[in-house]
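Proteins get letters first, then strands, A, B, ... in listed order; numbering begins at 1 in each.
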Protein chains: 2
Amino acid sequence: MELRQLRYLVAIDEHGNLGRAAKALFVSQPALSYALKGLETELGVRLFERTPGGVVATDAGRDVVRAASEAVRRADLVAAVAARHRRDAARVLRVGFEASGAGELTRRARAEFARRHPAVRVEPKRFDWGEEAEALRDGRVDVAFVWLPADLTGLRSAVVHTEPRVVGLPIGHRLAYRAGVSVVETNDEPLMWTKRAPRRWVDWWAVNPRPDGSEPLWGPTNDNVEEMLEQVAEGAAICFAPSSMASYYARPDLVWVPLTDVEPLRVALAWPDGAGTALARGFVEVVADLTVTET
Amino acid sequence: MELRQLRYLVAIDEHGNLGRAAKALFVSQPALSYALKGLETELGVRLFERTPGGVVATDAGRDVVRAASEAVRRADLVAAVAARHRRDAARVLRVGFEASGAGELTRRARAEFARRHPAVRVEPKRFDWGEEAEALRDGRVDVAFVWLPADLTGLRSAVVHTEPRVVGLPIGHRLAYRAGVSVVETNDEPLMWTKRAPRRWVDWWAVNPRPDGSEPLWGPTNDNVEEMLEQVAEGAAICFAPSSMASYYARPDLVWVPLTDVEPLRVALAWPDGAGTALARGFVEVVADLTVTET
DNA sequence: CGCGGGTGATAAACGCGGCTTATGATCGCA
DNA sequence: TGCGATCATAAGCCGCGTTTATCACCCGCG
């Protein structure tokens, strides 16, 4: 059994058709026919039923494909781990964050890191809602500021920052000139949300259920800050955000008002479990030092 | 990158020496030299430092080896999943358990399963302490009675049986003729335990800490029932066990006395998450039916 | 009813790539 | 200084996965 065969298998299952899978893999159709047959012989199970319309996975095939795609993913992780170390040698550190990240701390950490490691180039990488943790796991970044709640499996992390939440409103909104609002006062306002993040993340941000037991009024969806702010400025909905967003994404057509009765946002600094490189560790140290002295 | 290379990599790391690794893999030493070099070139990182005494992993090498061994394990799982289905087709179901399993339920379940699936051969597989869950995960059995507490990650399960615990004593022991004893009355008796199972399992069985806060007196270790009973019969220590063991492992040189103040043993029926075969599902159904009617 | 367009399977030939054996280069140590 | 480890290199072989070309089958449609 070889990785190549497993990759073929997954592709065949995805396309449901040897010809199209072959095209996607840039090989000829007989190559897949041959590989599939070989795998079936080796495993001693029929994996796909051949039909005139294509191929369809058998019971065994479904399970094997699932296991195979996991194996392929793990193999790709090997490459990702190596790439991280290669980048380490090249003196590059990729720091993930979303929207305003950890506010002021983000910049201060970067500045201090640059002071301690002058030869290292820091590459900030912005992600869409709730994507940082996954990016960390599959090696797209070496370290990241993760907004909680988040799925931190496979990661090590430390909470390094908290900040109150605010509500974003278009200018002229009935609540726009208040010094603070309760979350229940926004119950009737359509609220921005996202399909990208898991349910738990969305509910936490939307404060669902509200203190009075009601459910938020779900408004339009969006994938990232810019899309969200566009919609809010347009008057299509309101949004909740950490207070730092008021200064990092200041716009003339938006107003930010503190939410008086919701949990603050907690931001964790996270890095891959076990696979942390020397530079990532250095960055973690910097942030640890900054947060110790500031509390 | 191919699985073969990853397997080689793991072996090289284990043996710390190309020659010995080559021997273990039944290939020549240059083959490993070649494969390692190829992988290093492809990944762009040096993985092992070559020394006159052998090879030693670099920082990057350590991480890559870890990721590689995980990938290899996943690939082996593909084969295990396939083997499960092959066995399904061959009408064989392997049921894992340890010691007295789930007592009477074990036999009843097997009998009822045989009635419903006459053509299927059931193969009971006995495991050493705490090994069932792992056996389930790596495909050595299709379904198993697991003694809790246990690590059930990657498994689906349902608690199907509970039974009180008893203490096993050699005949003539000072507590041997009691109708019941408190666990604290055994505080001064050396207690059998095992190095095979995780800490949590051992502590649960040993009732550590005891109700009075003390720690058990640790006696000899053992890997399975027979070894344990030998030691107890010999007078080297006492042991804790589920009450069914009194009837399933009756010996003239042993006495079993109920423990009056400890949690009963809970036994779960478990099967691989997602990879359950038709036969395994059938067995789960049988046990579900039996436990529903008996409660 | 037969033909066209889709499917996967098979055949034959090619050539890459990883294997082997044989040998070299280096180091540590007695 | 020479022996016995180590890993690296060289040269040749050959298995195996690839390719192109073709076949066999099924289905829908004129």
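- One can place CG of B/Leu39 at 16 Å from P of C/dG17, the figure rounded to the nearest angstrom.
- B/Asp273 contributes no side-chain N or O that, together with a main-chain N or O of B/Arg156, makes up a donor-acceptor pair within less than 3.5 Å.
- Each of C/dT20, D/dA8, D/dC16 was ranked by its minimum atom distance to the side chain of B/Ala31; first place goes to C/dT20.
- Salt bridge B/Glu70/B/Arg74: present, at least one basic N to carboxylate O contact under 4.0 Å.
- Atom CG in B/Leu32 sits roughly 13 Å away from atom P in C/dT21 (whole-Å rounding).
- Look at CD on A/Glu42: it is 14 Å from C1' on D/dC16, rounded to the nearest Å.
- In this structure, NZ of A/Lys23 is placed 13 Å from C1' of C/dT7, rounded to the nearest angstrom.
- With axes fitted over five pairs at each extremity, the angle between the ends of the helix from C/dC1-D/dG30 to C/dA30-D/dT1 is 10° (10° resolution).
- B/Arg20 places its CZ atom 10 Å from the C1' atom of D/dT6, with the value rounded to the nearest Å.
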Do any N or O atoms of the protein come closer than 3.5 Å to N or O atoms of nucleotides 28-30 of chain D, and which pairs are they?
none

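- Of all non-hydrogen atoms in A/Ala71 and A/Leu6, the two that sit nearest each other are CB-CD1, 4.1 Å.
- For the side chain to side chain contact (heavy atoms under 4.5 Å, CB included) with B/Phe48, the qualifying choice from B/Thr58, B/Val65, B/Val56 is B/Val65, the only one to do so.
- Of all the heavy atoms in A/Trp201 and A/Trp147, the pair that sits closest is NE1-O, 4.0 Å.
- Between the A/Arg94 side chain and the A/Gly139 main chain, a donor and an acceptor come within less than 3.5 Å of each other.
- At the heavy-atom level, B/Gly38 lies nowhere under 4.0 Å from the strands shown.
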Show me, pair by pair, the donor-acceptor contacts under 3.5 angstrom made by side chains of residues 13-24 of chain B, not counting sequence neighbours?
from	atom 1	to	atom 2	distance (Å)
B/His15	ND1	B/Ala11	O	2.9
B/Asn17	OD1	B/Gly19	N	2.7
B/Asn17	OD1	B/Arg20	N	3.0

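- The distance from the CG atom of A/Leu43 to the CD atom of A/Gln5 is 8.5 Å, given to the nearest 0.5 Å.
- In this structure, the side chain of B/Asp59 does not engage the main chain of B/Arg62 through any donor-acceptor pair within 3.5 Å.
- Distance from the side chain of A/Val55 is smallest to C/dG8 among D/dC7, C/dG8, C/dT20.
- A/Leu25 has its CG atom 16 Å from the P atom of D/dG17, to the nearest Å.
- Residues from residues 1-17 of chain A lying near DNA chain D, meaning a heavy-atom separation below 4.0 Å, are A/Arg4, A/Tyr8 in numerical order.
- Partner of A/Glu132 under the side chain to side chain contact (heavy atoms under 4.5 Å, CB included) criterion, chosen from A/Leu155, A/Val141, A/Val146: A/Val146.
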(message) Output one letter per nucleotide in nucleotides 22-28 of chain C: B when a protein non-hydrogen atom lies under 4.0 Å from the base, S when only the sugar-phosphate is that close, - when neither is.
(response) B----S-
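- Residues satisfying the side chain to side chain contact (heavy atoms under 4.5 Å, CB included) criterion with B/Arg140, sequence neighbours excluded, are B/Phe127, B/Glu131, B/Glu134, B/Ala135, B/Asp138.
- Within the structure, a side-chain polar atom (N or O) of B/Ser33 is placed less than 4.0 Å from OP1 or OP2 of D/dA8.
- You'll find that the side chain of A/Tyr34 is closest to D/dG17, out of C/dT20, D/dT6, D/dG17.
- A/Val287 has its side chain within reach of A/Phe283: a pair of non-hydrogen atoms, C-beta onward, lies under 4.5 Å apart.
- Looking only at distances, no side-chain donor or acceptor of B/Asp223 sits under 3.5 Å from a matching main-chain atom of B/Arg196.
- Put simply, A/Arg50 has no side-chain N or O that comes within less than 4.0 Å of OP1 or OP2 on C/dT7.
- Each of A/Ser28 and B/Gly53 was assigned the nucleotide of DNA chain D with the nearest heavy atom; the assignment lying further toward the 5' end belongs to B/Gly53.
- The minimum heavy-atom distance between A/Asn222 and A/Thr194, with the atom names listed, is O-OG1, 2.7 Å.
- Nucleotides of DNA chain C nearest to A/Lys37 and A/Thr51 differ in position, and the one nearer the 5' end is that of A/Thr51.
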